[in-house]
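Just below is one structure, and these are the notes that go with it.
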Amino acid sequence: MKTFIFLFTIFIYSNINAQTKSIENLIAEIDNNQIHIVMQYVWYPEMKSEQAEEIIKMGKSVTPKIIALLDNPSKGIIAHFILSKIWEKNWGDGKSGNFVSINDNNFSVIHNELKIYVVYTSVSTCDFLYSKSEDLKTNKAKWEKFVIE
C-alpha cells in the first residue's frame, strides 16, 4: 500500500510539474509580433498565436503569470490580449477597440483600454506594434486591481 501511495504521489506531482513547465514554455514563446492588424471595414488588432491559445485554454488560473508580463515591452500587448480573452465575460460593454489616426504611416488602436501604436509601410503590411512604457504600467495596475475585485 505504501508503494502505491508513493507512486500515486509522484504521478500527481509530475502532472502538476508538467503543467507548470508547459505554461513557462508557452510564455517563453509568446511575443507582441503575434498580434497582427486586420482590415475589414476598419483596422483592428488580431492575435495569431498557438501558444497564446493554449494559455487561454488553461483559464483564469494562469492570470498571475500573465499579469507579470504586462509591463514587458516585448510581451505586454499579447499578455493583454490573452487576459482580455480569458476574462472577456467580466469586461462588460464599452471595452472594445477604437481606431485613432495619428498620421500617414502610424495609427493607434485602443483594445480594452490599452493604447497600441501601429507602424506600417503599406495598407497590407504592419511593420510593428508597440505600447508606451507608461501605458503598459498603467494597464498592469488596472489588471491587478480588476482581478482583485
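The main-chain N or O of I78 is found under 3.5 Å from a side-chain atom of N32 such that the two form a donor-acceptor pair. In terms of modelled atom types and a separation under 3.5 Å, the side chain of H80 and the main chain of I67 share no donor-acceptor contact.
Counted by atom type alone, N112 and S84 present one or more donor-acceptor pairs between their side chains at under 3.5 Å.
Between L136 atom CG and I77 atom CD1 the span is 6.5 Å, to the nearest 0.5 Å. The distance from atom OG of S22 to atom CD1 of I27, rounded to the nearest 0.5 Å, is 9.5 Å. Distance check, rounded to the nearest 0.5 Å: CG of N25 to CD of Q51 gives 10.5 Å. Interatomic distance, I55 CD1 to T63 OG1, rounded to the nearest 0.5 Å: 11.0 Å. In this structure, NZ on K57 lies 7.5 Å from CD on E53, to the nearest 0.5 angstrom.
V119 is listed as a side-chain neighbour of Y130, based on a closest heavy-atom distance under 4.5 Å. Here the side chains of I82 and M47 are in contact, with some heavy-atom distance below 4.5 Å. No side-chain heavy atom of E29 sits under 4.5 Å from any side-chain heavy atom of Q34. Side-chain contact check for I56 versus V62: every heavy-atom pair is 4.5 Å or farther apart. For the pair I116/F81, a side-chain contact is recorded, criterion being any heavy-atom separation below 4.5 Å from C-beta on. Using a 4.5 Å cut-off on side-chain heavy atoms (C-beta onward), L26 and M58 make contact. Side-chain atoms of S131 and K115, non-hydrogen and from C-beta on, never get closer than 4.5 Å to each other.
The nearest pair of heavy atoms linking I30 to S49 is CG2-OG, 4.1 Å. Across every non-hydrogen atom of L83 and L70, the tightest pair is CD1-CD1, 3.8 Å.
Salt bridge annotation for E24-K65: present, with a cationic side-chain nitrogen under 4.0 angstrom from a carboxylate oxygen. Classification of K140 and D71 as a salt-bridged pair holds, one side-chain N sitting under 4.0 Å from a carboxylate O.
Using bins of under 30°, 30° to 60° and over 60° for the plane-to-plane angle, the ring pair W87/F146 lands in the perpendicular bin.
Atom CD of E144 sits in a crowded spot, with more than 12 heavy atoms from other residues, nucleotides or ligands closer than 6.0 Å.
Residues forming a side chain to side chain contact (heavy atoms under 4.5 Å, CB included) with K132 (at least two apart in sequence, or on another chain): Y117, E134, D135.
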